[in-house]
Engineer: 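The structure that follows is given in the form of structure tokens.
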There are 2 protein chains.
Amino acid sequence: MNKIKDIARLANTSVATVSRVINGDPNVSEALKKRVYDVIEETGYVPNFVGRNLRTSKSYKLLVILPDIANQFYSEILKGIEEQAGHCGYDVLTSITHLNTEIETRYLDMVKTRQVDGIISFYTAMDSEKIRELARTYPYVQACEPDMAAESSYVMIDNEKAAYDAVTYLIEKGYQSIGMISGTFYRNSENARETGYRRALQTAGLAFCSDNIKHASYDYATGYAECTRLLEQKEPVTAVFSVSDVVAAGAVRSVLDHGLVPGKDVGVIGFDNTSLSETYNPSITTVAQPRHDIGTIAVDLLMEKINDIHAISKGIVLPHHIVYRQSTGDCAE
Amino acid sequence: MNKIKDIARLANTSVATVSRVINGDPNVSEALKKRVYDVIEETGYVPNFVGRNLRTSKSYKLLVILPDIANQFYSEILKGIEEQAGHCGYDVLTSITHLNTEIETRYLDMVKTRQVDGIISFYTAMDSEKIRELARTYPYVQACEPDMAAESSYVMIDNEKAAYDAVTYLIEKGYQSIGMISGTFYRNSENARETGYRRALQTAGLAFCSDNIKHASYDYATGYAECTRLLEQKEPVTAVFSVSDVVAAGAVRSVLDHGLVPGKDVGVIGFDNTSLSETYNPSITTVAQPRHDIGTIAVDLLMEKINDIHAISKGIVLPHHIVYRQSTGDCAE
DNA sequence: TTGTAAGCGTTATCAA
DNA sequence: TTGATAACGCTTACAA
């Protein structure tokens, strides 16, 4: 494998000059520049970035840590991240933890071991103190599901208000007995959304009944099962607010299997506006997050920390909106 | 930021010894080892892997290049890759090209610039000659959608036979006029599947009509639109074989909107056994690929090349199977 | 404009 | 068992 030294020898010049040519330094004569380019062309030389990165203490790589790629939700966010990172001259690498702390540790270490310049994380299973220490010392930004105790920069929506808005909409639609299918993983947002759910009931003067909050994994089957419980309990619900679209899809199916009509007999609202909510039959009303913006802003926040690790940590809250579809009787067939 | 030199000074020893301790060299006295560990603990020292990687010419990182993360299909494959890579002491990084050649080039270069030890690619938009040269010189394995001219190792299913099996099943179910919704991106597998479709018709003595092959993007909307064309053309089809589940979902919806019953009036088969095919209403019969095995085998093939870049290139073909669901009248409600 | 040489943080060779 | 030091491939003062 050719190194810069070989190129210098073949082009009859010094490694410094070759380096200058590679890095577009204008202070190289046209003749020499051409000679070097020719040799690079001939030999197919590619600089070793490990050597470069060591010397410059920069990798121009960002790492995005996702809990789970199966979640449609992250696709559009990632596009925003890549777009903005590209503007800043950074490449984006992604890793998936599958909610495993050991794996997460390995990837978090990539910023400590200088293999990436910063990290954007969408979920952490680590304890707060560890993350706090990390965020204090290395560029680290949280998105969507921040651990507030970490005191890092973060970007997210107002989950409490989002839930409040969704449930309030169900109430406006005339549904009186509203259940919620929450989750068991993302406790921060789940708690916030449960709070919003209760506040909406309270504001409307509806009674809260703890039986009406169920908890599902983020999959279709448990969404189906928990909705079934809500529909078959002593005081059945007539509407369901779910913390995820796939769970809402399971719920809709349960409604159908009970001989009820989604959006008429039973209203259903999901969360995240994933393509499933759009394509499911019937289509599912859902709370949409500004995914692209979440991505670009996460990068901006990270850049601030990369440029100055002591930059003040910012929390940025972005607006959400509801997408109205058949499962609440909107957007008729 | 502490470096190995600092640790050596604080522990009153040499950098060589610290390096030995870090790397678990047994030839270090217990006393010294403890002293070094204590200092590492106190200081929170983390070795700089860029320095290490430069010295050892190894990164113990693999890069997986995906065309598009929105595709559910890759999630399980990625798990297989991560599992097997873990066994081999490698971390897995992922990048998404969005089918953009420029972006793909940037990520492919990571193996040339020595930032990763090898690459597994699920789709390439580059021209064959470039990929051939890359695969000759660096560890590079193709999965699912190989460019055969690249002469790299690869792992995939037999797409021709998979399509043949799917269409033959529709014929066995009694459908006589079978359409196909192919795609416009993954030409290798699409061509193979179109060939399999035609061979199945031929084998059954059914006439092939070019009007019966439509081409959709890999999304719901065009699946819906193309199926609509198949159902409304002069000689309407009574069954549809689609190269992707999401397209099949659109097709199913179109069938419903024509007042027809999927799995009875019109049979539909999708491809990839993504969760959508399982959860869609009605559920969708589909061709399943051995996703987990595709992942582990891709890693094995890559390791062979990492250990010896001149190792012979292997093509591995894995079995597929059909998952029977409602859209072909199986697996009754 | 060009070249020499130090240095990035590590590992590994060699000698002690 | 330990330590001194060269080397990995590159960038960047500094000197010429």
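Every chain is numbered from 1 and lettered A, B, ... according to where its sequence line falls, protein lines coming before strand lines. Treat the numbers as computed from the prediction; the structure is a model and nothing was measured.
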Engineer: Scan for side chain to side chain donor-acceptor pair (under 3.5 Å) pairs involving residues 292-306 of chain A, sequence neighbours excluded, and state none if there are none.
Structural biologist: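 Every side chain to side chain donor-acceptor pair (under 3.5 Å) pair that includes a residue of residues 292-306 of chain A, provided the two are not neighbours, is Glu83(A)-His292(A), Gln84(A)-Asp300(A), Glu304(A)-Lys314(A), Lys305(A)-Ser313(A).
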
Engineer: Within this structure, what is the CZ-to-P distance between Arg20(A) and dT12(D), rounded to whole angstrom?
Structural biologist: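 Going from CZ in Arg20(A) over to P in dT12(D) covers 10 Å.
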
Engineer: Once salt bridge (charged side-chain N to carboxylate O under 4.0 Å, His left out) is applied, what residue pairs with a partner in residues 61-80 of chain B remain, sequence neighbours excluded?
Structural biologist: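 Qualifying pairs: Lys61(B)-Asp91(B).
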
Engineer: Among pairs that include at least one residue of residues 109-130 of chain A, which meet ring pair (Phe, Tyr, Trp, His ring centres under 6.0 Å), considering only residues two or more places apart or in two chains?
Structural biologist: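 Matches after skipping sequence neighbours: Tyr74(A)-Phe122(A), Tyr123(A)-Tyr186(A).
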
Engineer: Hey, could you give me each pair passing ring pair (Phe, Tyr, Trp, His ring centres under 6.0 Å) that has a residue in residues 10-65 of chain B? Not counting sequence neighbours.
Structural biologist: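 Residue pairs with at least one partner in residues 10-65 of chain B: Tyr60(B)-Tyr90(B).
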
Engineer: Please find the earliest and latest nucleotides of DNA chain C, in the 5' to 3' direction, that have an atom within less than 4.0 Å of any heavy atom of chain A.
Structural biologist: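 Going 5' to 3' along DNA chain C, contacts run dT1(C) to dG9(C).
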
Engineer: Pairs in or reaching into residues 12-29 of chain B: which pass salt bridge (charged side-chain N to carboxylate O under 4.0 Å, His left out), with residues at least two apart or in two chains?
Structural biologist: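 Residue pairs with at least one partner in residues 12-29 of chain B: there are none.
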
Engineer: Do any N or O atoms of the protein come closer than 3.5 Å to N or O atoms of nucleotides 6-10 of chain D, and which pairs are they?
Structural biologist:
residue: dA7(D); atom: N3; partner: Arg55(B); partner atom: NH1; Å: 3.1
residue: dC8(D); atom: O2; partner: Arg55(B); partner atom: N; Å: 3.4
residue: dG9(D); atom: OP2; partner: Lys3(A); partner atom: NZ; Å: 2.7
residue: dG9(D); atom: N2; partner: Gly51(A); partner atom: O; Å: 3.0
residue: dC10(D); atom: OP1; partner: Tyr45(A); partner atom: OH; Å: 2.5
residue: dC10(D); atom: OP1; partner: Asn48(A); partner atom: N; Å: 2.7
residue: dC10(D); atom: OP2; partner: Ile4(A); partner atom: N; Å: 2.5

Engineer: Tell me, which pairs form a salt bridge (charged side-chain N to carboxylate O under 4.0 Å, His left out) where one or both residues lie in residues 134-155 of chain A, sequence neighbours left out?
Structural biologist: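 Qualifying pairs, neighbours excluded: Arg132(A)-Glu151(A), Glu133(A)-Arg136(A).
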
Engineer: Applying side chain to side chain donor-acceptor pair (under 3.5 Å) as the test, list every pair that has at least one member in residues 94-105 of chain B; sequence neighbours left out.
Structural biologist: Glu82(A)-His98(B), Glu104(B)-Thr124(B)

Engineer: Return the residues of residues 106-119 of chain B meeting this criterion: a heavy atom under 4.0 Å from some atom of DNA chain D. Order them by number, or give none.
Structural biologist: none

Engineer: Please name all residues satisfying side-chain hydrogen bond (donor to acceptor under 3.5 Å, both in side chains) with Ser153(A), sequence neighbours left out, ordered by chain then number.
Structural biologist: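 With neighbours one apart ignored, the set is empty.
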
Engineer: Which angle, to the nearest 10 degrees, lies between the helix axes at the two ends of the helix from dT1(C)-dA16(D) to dA16(C)-dT1(D), each defined by five pairs?
Structural biologist: 40°

